[in-house]
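Here's the structure, in structure tokens; my notes come after.
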Amino acid sequence: MEEVLKLVMEDRETKDDNGRFKEDFSIRITEAMLYDRLHTLSNEYSVSVELLVNIAVKRLLSDIDFVRNLRMGKIDGE
């Protein structure tokens, strides 16, 4: 089972009805359990699946930056 999750990302190529720059793209979720878990959390906390995915991606990128900084000897006091 393969589900598609539509996300919106800011970009400078197209404008939406409000005049903001947007680009649509899709993320394919190939694990049915992950898809079900996202929808369960979405319903449980009354937030959109897109918000949960954005939070998860933001956290992943933050963790990658943290590990890169550790490798370079930069220690952040957060």
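Every heavy atom of this structure was used, including side-chain atoms; hydrogens, water molecules and symmetry mates were not. Predicted, not measured: the structure shown is a model, and the values here were computed from it. Positions are given from 1, in the same order as the sequence printed here.
Under a hydrophobic clustering in which Ile, Leu, Val, Met, Phe, Trp and Tyr are joined whenever their side-chain heavy atoms come within less than 4.5 Å, directly or via other members, L61 and I55 fall into the same cluster. Under the 4.5 Å side-chain heavy-atom criterion for grouping Ile, Leu, Val, Met, Phe, Trp and Tyr, V49 is connected to Y45 within one hydrophobic cluster.
Here the OG-NE2 distance, from S48 to H39, works out to 10.5 Å after rounding to the nearest 0.5 Å. Separation of atoms CG (D36) and CD1 (I29) is listed at 10.0 Å; rounding is to 0.5 Å.
Around atom CE of M33, no more than 12 heavy atoms belonging to other residues, nucleotides or ligands sit under 6.0 Å away.
For the pair R68/I64, a side-chain contact is recorded, criterion being any heavy-atom separation below 4.5 Å from C-beta on.
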